[in-house]
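As a basis for the values below, the full set of heavy atoms in this structure was taken, side chains included, without hydrogen atoms, waters or symmetry mates.
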Amino acid sequence: MRALFVLPILALAACQVTKDDANDSVTVEYNQDVAENAAADAAATAENIAGTVANDVEQASEKAENKAENLDVRLDVSTDGNSSN
């Protein structure tokens, strides 16, 4: 869904506007190569971000797992049901 918002921006980036004051005219050209390069750059950036997020999640998961493995729970209850602490 968010990709739909990016597409018009990429399309605008591929437009080249030329203004001719002598003839009082404006020319707008669409450059497909620029659009393809912009799309490739956006895809590469998204892939890099996804990889970074995946690495961060994996590291956080490993840290949480290590903490859980090192967790030492001690429950000391006296005979009357009250904690001795």
Side-chain angles (χ1 to χ4, degrees):
M1 178 85 173
R2 292 181 184 172
L4 294 176
F5 296 115
V6 175
L7 292 177
I9 294 170
L10 291 176
L12 284 176
C15 290
Q16 297 173 335
V17 179
T18 307
K19 183 177 180 183
D20 185 2
D21 289 332
N23 294 328
D24 198 26
S25 64
V26 175
T27 305
V28 179
E29 296 177 333
Y30 178 77
N31 188 330
Q32 186 171 351
D33 291 334
V34 172
E36 289 173 358
N37 290 340
D41 289 345
T45 300
E47 186 176 343
N48 289 340
I49 291 170
T52 301
V53 170
N55 288 338
D56 288 349
V57 169
E58 184 177 345
Q59 289 174 359
S61 172
E62 289 172 0
K63 286 180 183 179
E65 188 175 315
N66 288 339
K67 293 278 186 188
E69 288 175 359
N70 295 331
L71 186 60
D72 186 14
V73 178
R74 295 182 186 171
L75 185 59
D76 198 11
V77 180
S78 66
T79 57
D80 62 358
N82 295 323
S83 175
S84 62
N85 291 333

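- Under the 3.5 Å distance criterion, the side-chain polar atoms of Thr52 are matched with a main-chain donor or acceptor of Asn48.
- Across all their heavy atoms, Asp20 and Asn23 have their closest contact at OD2-ND2, 2.8 Å.
- One hydrophobic cluster, built from ILVMFWY side chains closer than 4.5 Å, cannot hold both Val17 and Val34; they sit in different ones.
- Around CG of Asp24, the count of heavy atoms belonging to other residues, nucleotides or ligands within 6.0 Å does not exceed 12.
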